[in-house]
Amino acid sequence: MTDDAHPEADRVEGAPHPRDTEEVFGQEAAEAAFLSAFASGRMHHGWLLTGARGVGKATLAWRIARFLLTNEQPGDQGGLFGAPPPPESLDVAPDHPVARRLAALSEPRFFLLRRAWDDDRKRLKTQITVDEVRRLKSFFQLSAADGGQRVAIVDAADEMNVSAANALLKLLEEPPAGVTFLLVSHQPARLLPTIRSRCRELRLAPLGPADMEAALSQAGTEAVDPAALAALSGGSVGEAIRLVNLDGLQLYARLVDLAASLPRLDRQKMLALAEAAAARGAEERFDLLLTLFDLFLARLARAGVQGAPSPEAAAGEAETLARLSPDAFAARAWADLAQTLGARARQGKAVNLDPAALVIDMVLKMDETAARITAPA
C-alpha cells in the first residue's frame, strides 16, 4: 500500500503516478516490439526502457506489468486447437483485479524498486540502496511457491548506488524462473555495461504536438499551445507539465521579447525579468528560467546552422533567432555563450548568488554577444 504521508520518488509533481495512467501516447513502436517478443514465446527476462525524462517510460513499464500479470506467455507449441492469436495491445481493463491490486501496490506477484523513505532524515533517500535490492531478492524467494509470472519495476535504475547495482546485476545474471525485470533509465550510460548487456532495450521517442496534447489531457493538464510545449519540453510530458504549472510558456515569451531588443537592450524588461526570478517563493520558477535561458541559447545556435525552428515557441521567436543568428559564425558564438552561462548558473546557485543579479549578468552577456554579431563588418 502507498503511504500518503510520504512523497513517491517515481512520481512527477502535479501529475498522476504512472501506475494510475492507462495509456502511453506516441510510443507505438516500443509497444509493438514488446508484443512481438511476447508472442514469440521466448521473451527476454530483462527490459531496459530508455529515453528522455517524461516521455512515458514508467507508464509503459506499468502497462507491461499489468499485461504480463494478466496474460500467459505463449509456448512454442499450440494446444489441441492451436495457439490463440497473439494480443494486439497491452490494454488491461482498469477494473481487472490485477489492475486494482497494482494500483494499490498490493499485488503479491509484483515488486517496485525505487528510492525509499528515510525515517531518520524525514526525506526520500538520494539513491536506491543495496538494502532495497535485498528486499527484492527476498520477494522472489517468498513468491516462488505461488508460481506464475512475476514482475519487478526498477524506477529509476540510474539512481542505484554501486552496491545496489552489483546486487541487481547478480539477479539479472541468474534470473529467477518466471520473472521479468523492467528497468526505467533516463541515462543508460550511467548504468553498469553488464546490466545493459543483460537487458533488451526499448527506446522511447520524444512526443510530437498531437501526442503531447493527448498525454497532457490524460494527466488532467490543459495544453494551451501543445506545439510550443512539445518544442520547449523536448517532447517530455513531465517537463511540459512543469512548464504549464510554472507558466513556462509566458516566461519563455518574456525572454524572447527581451532578446528581440538586443543589442539595444531594453533595461526595463531585463529588470522586470530579474525581479520575477528573485520573488519570494519563486525558487522553482527561477530554476525553470535558467533552463529556458539554456534552451533559448541552444535554439539560437541551431538557427545559425539550420534556420529558425518551426513551429515558433513564442510570438516573434523566428524573426529574433534569424536576426541574432544569421550564420555559422553566430551559431558558434551562441553555443560558446551557452557553455559559459551554464557554468555561471551552476556556480551562482552553488554559492547562493542573488537570483536577480545572476539573471542580469546573463542578459548582459547575451547583449554583448549580440553586439559583436550584429556589428557592421
Side-chain angles (χ1 to χ4, degrees), residues 1-4 8-12 15-47 49 55-75 78-79 81-114 135-136 139-140 142-155 175-184 200 202 204 211 214-220 237:
M1 299 291 290
T2 61
D3 185 347
D4 294 336
E8 297 185 86
D10 53 345
R11 181 174 189 166
V12 174
H17 190 280
R19 67 175 172 271
D20 299 320
T21 306
E22 294 181 17
E23 191 171 355
V24 177
F25 295 94
Q27 308 302 344
E28 292 81 5
E31 289 207 12
F34 182 85
L35 283 168
S36 176
F38 178 84
S40 73
R42 294 179 295 275
M43 193 178 68
H44 205 285
H45 69 277
W47 292 82
L49 284 68
V55 295
K57 300 186 298 297
T59 301
L60 179 57
W62 282 90
R63 275 177 62 78
I64 291 174
R66 285 191 292 268
F67 174 84
L68 289 176
L69 294 174
T70 54
N71 289 271
E72 291 188 10
Q73 188 175 0
F81 301 102
E88 297 181 355
S89 81
L90 297 174
D91 292 344
V92 173
D95 60 351
H96 192 288
V98 169
R100 291 202 302 266
R101 290 196 297 268
L102 281 173
L105 293 182
S106 61
E107 168 57 49
R109 296 177 294 151
F110 173 80
F111 191 95
L112 175 59
L113 179 60
R114 58 182 175 177
R135 288 182 58 235
L136 172 61
F139 159 77
F140 289 144
L142 292 172
S143 62
D146 297 336
Q149 180 67 244
R150 291 168 291 165
V151 177
I153 290 178
V154 184
D155 188 4
V179 170
T180 301
F181 293 89
L182 303 171
L183 279 64
V184 174
R200 176 173 170 180
L202 284 179
L204 277 65
D211 289 322
L216 288 174
S217 177
Q218 179 176 242
V237 180

Heavy-atom pair with the smallest gap, counting every atom of [X] and [Y]:
X	Y	answer
Val151	Ala65	CG1-CB, 3.8 Å
Ala93	Ala99	O-CB, 3.6 Å
Ala30	Leu202	O-CD2, 3.6 Å
Asp155	Ala58	OD2-CB, 3.5 Å
Leu35	Pro87	CD2-O, 4.0 Å
Pro108	Phe139	O-CE1, 3.2 Å

Is there a side-chain contact between [X] and [Y] (heavy atoms, below 4.5 Å)?
X	Y	value
Arg101	Phe110	no
Lys57	Pro18	no
Leu60	Leu49	yes
Arg100	Asp95	yes
Ile64	Ile153	no

Ignoring hydrogens and geometry, is there a side-chain-to-backbone donor-acceptor pair from [X] to [Y] under 3.5 Å?
X	Y	value
Ser40	Ala37	yes
Ser106	Leu102	no
Glu107	Arg109	yes

Side chains of Thr180 and Gln149, donor plus acceptor under 3.5 Å: yes
Listing request: all side-chain hydrogen bond (donor to acceptor under 3.5 Å, both in side chains) pairs with a residue in residues 23-34, at least two apart in sequence or in separate chains. Glu31-Arg63
His44 vs Trp47 aromatic rings, parallel, tilted or perpendicular, using cut-offs 30° and 60°? perpendicular
Geometric class of the Phe67/Phe38 ring pair [parallel <30°, tilted 30-60°, perpendicular >60°]: perpendicular
Say you draw a straight line from [atom1] of [X] to [atom2] of [Y]; how long is it, rounded to the nearest 0.5 Å?
X	Y	atom1	atom2	answer
His17	Asp10	NE2	CG	3.0 Å
Leu182	Leu112	CG	CG	11.0 Å
Leu183	Arg200	CG	CZ	15.0 Å
Trp62	Leu90	CH2	CG	15.0 Å

Test of understanding: with side chain to side chain contact (heavy atoms under 4.5 Å, CB included), list the residues that count as partners of Val179, not counting sequence neighbours. Phe140, Arg150, Pro176, Phe181
Taking the basic N atoms (NZ, or NE/NH1/NH2) and the acidic carboxylate oxygens, is any pair closer than 4.0 Å for Glu8 and Arg114? yes
Take Leu68 and Met43 through the side-chain contact (heavy atoms from CB on, under 4.5 Å) test and state the conclusion after the steps. CA-CA 11 Å; Leu68 289 176; Met43 193 178 68; 3.8 Å; yes
